[in-house]
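Basis for what follows: all heavy atoms, side chains included, without hydrogens, waters or symmetry-related copies.
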Amino acid sequence: GSIEKLENKYDIHIKWRAFPLHPDTPEQGRTLEVLFKHKGIAVDVDKMMAHLKATAAKLGLALGDRKMTYNSRLAQEVGLWTETKGHGHKCHMEAFKAYFGDGKNIAQTDVLLNLIENSGLDPKEGKTIIETRAFSDAVDSDWKLSRAKGVTAVPSFFFGLDRLVGAQPYATLEKLLVKNGVKSI
């Protein structure tokens, strides 16, 4: 997608960070209606999802008819581990597809092991990472950083003093780089 295209065109590296997205969500998940009610927000979920699907389609992102939200903590730990293995972007895209496209519960070990395998990594090693919670401290550190920087939504892109919040078209991300003096290769 856009991230890989930017990284290749500008010889940059996008650093993925974990963000506490509804960390109080139970492992079995909760419906979107309950999520927003729990947050004290009155929302028409069907209307909101239709708007999100239209926006996602414009950005070339697959967004399914999901009705649930799931706890992403373990998936974030797996994602940070895959970053250290050079497979982070692939894993993040697999997680996006599983969660937003297919509505899978990314808090479940079997779903995470499938993401790991689809990302080109050894699921046995991944299972050890999950069972030992080897990247728990790294996620805690990212969550602390996101609070310190005032991040309230994802994705958020930072470059110098500039920030972009939300899914952005390629051209908008490219403008941020050009504005900050990054030249294409």
With side chain to side chain contact (heavy atoms under 4.5 Å, CB included) as the test, would you mind laying out the steps for Leu121 and Glu125 before giving the verdict? CA-CA 8 Å; Leu121 294 171; Glu125 185 179 358; 6.0 Å; no
Candidate pair Lys67 and Glu33, rule salt bridge (charged side-chain N to carboxylate O under 4.0 Å, His left out), full reasoning: CA-CA 8 Å; Lys67 304 286 185 200; Glu33 286 86 2; over 6 Å; no
Show your reasoning for whether salt bridge (charged side-chain N to carboxylate O under 4.0 Å, His left out) applies to Asp137 and Lys144. CA-CA 10 Å; Asp137 288 347; Lys144 183 177 178 182; over 6 Å; no
Determine, step by step, whether Leu177 and Lys9 satisfy the side chain to side chain contact (heavy atoms under 4.5 Å, CB included) criterion, reporting the C-alpha distance in whole Å, the side-chain angles of both residues, the deciding distance to 0.1 Å, and the verdict. CA-CA 11 Å; Leu177 296 176; Lys9 183 175 179 180; over 6 Å; no
Stepwise salt bridge (charged side-chain N to carboxylate O under 4.0 Å, His left out) check, Glu94 with Lys90: CA-CA 6 Å; Glu94 288 290 326; Lys90 177 71 174 160; 3.2 Å; yes
What's the verdict on salt bridge (charged side-chain N to carboxylate O under 4.0 Å, His left out) for Asp122 and Lys85, showing C-alpha distance, side-chain angles and the deciding distance? CA-CA 11 Å; Asp122 179 13; Lys85 297 292 199 174; over 6 Å; no
Test side chain to side chain contact (heavy atoms under 4.5 Å, CB included) applied to Leu63 and Lys53, step by step: CA-CA 6 Å; Leu63 188 64; Lys53 283 180 87 167; 3.7 Å; yes
Between Ile116 and Ile130, does a side chain to side chain contact (heavy atoms under 4.5 Å, CB included) hold up when you go through it step by step? CA-CA 11 Å; Ile116 289 166; Ile130 292 167; 4.2 Å; yes
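Looking only at side-chain heavy atoms (C-beta outward), Thr84 and Phe135 come within less than 4.5 Å of each other. Using a 4.5 Å heavy-atom threshold, the side chains of Leu112 and Leu115 count as touching. Counting only heavy atoms from C-beta outward, the side chains of Arg66 and Met49 approach each other to under 4.5 Å. Side chains of Met68 and Asn105 form no contact here, defined as non-hydrogen atoms less than 4.5 Å apart.
With rounding to the nearest 0.5 angstrom, the CG atom of Leu74 is 11.0 Å from the CD atom of Glu131. The structure places CG of Asn71 at 10.5 Å from NE2 of His22, a figure rounded to the nearest 0.5 Å. In this structure, the separation between CD on Glu77 and OG1 on Thr132 is 9.0 Å, given to the nearest 0.5 Å. Atoms CG and CH2, from Leu80 and Trp16 in turn, are 11.0 Å apart once rounded to the nearest 0.5 Å. To the nearest 0.5 Å, the span separating CD1 on Ile185 from CG on Asp11 amounts to 4.5 Å. Note that the CD atom of Gln76 and the CD1 atom of Ile106 stand 8.0 Å from one another [nearest 0.5 Å].
The cationic group of Lys183 does not satisfy the cation-pi geometry with Tyr10, failing either the under 6.0 Å distance to the six-membered ring centre or the 45° limit from the ring axis.
Put simply, Leu52 and Leu21 are part of two different groups of oily side chains (I, L, V, M, F, W, Y) that touch within less than 4.5 Å, one to the next. By the rule that hydrophobic residues join a cluster once side-chain heavy atoms approach within less than 4.5 Å of another member, Leu176 and Phe158 end up as members of separate clusters. Residues Ile3 and Leu164 share a hydrophobic cluster, clusters being chains of Ile/Leu/Val/Met/Phe/Trp/Tyr side chains in contact below 4.5 Å. Hydrophobic clustering keeps Leu145 apart from Trp81 (ILVMFWY residues linked when any side-chain heavy atoms are closer than 4.5 Å, directly or through intermediates). Using a 4.5 Å cut-off between side-chain heavy atoms of Ile, Leu, Val, Met, Phe, Trp and Tyr, with links allowed through other members, Val111 and Phe96 fall into the same hydrophobic cluster.
Within 6.0 Å of the CG atom in Asp24, the count of heavy atoms belonging to other residues, nucleotides or ligands exceeds 12. Surrounding NZ of Lys58 are at most 12 heavy atoms belonging to other residues, nucleotides or ligands under 6.0 Å away.
Checked by atom type and distance alone, the side chain of Thr31 pairs as donor or acceptor with a backbone atom of Val34 at under 3.5 Å. Side chain of Asp142 to backbone of Phe19: no donor-acceptor contact under 3.5 angstrom is found. A side-chain donor-acceptor contact under 3.5 Å links His87 to the backbone of Ser119. Panel note: side chain Ser136, backbone Arg133; no donor-acceptor pair is recorded below 3.5 Å.
Residue Cys91 comes nearest to Thr82 through the heavy atom pair CB-OG1, 3.3 Å, listed as atom of the first residue, atom of the second, then distance. In terms of heavy-atom proximity, Gln168 sits nearest to Phe157 at CG-CE1, 4.4 Å. What you find for Arg147 and Pro20 is that their closest heavy atoms are NH1-CG, 4.4 Å.
Side-chain contact, Arg17 with Ser156: no donor N or O sits under 3.5 Å from an acceptor N or O. A donor and an acceptor atom, one from each side chain of His89 and Glu7, are nowhere located under 3.5 Å apart. Between the side chains of Tyr70 and Arg30, no donor N or O sits under 3.5 Å from an acceptor N or O.
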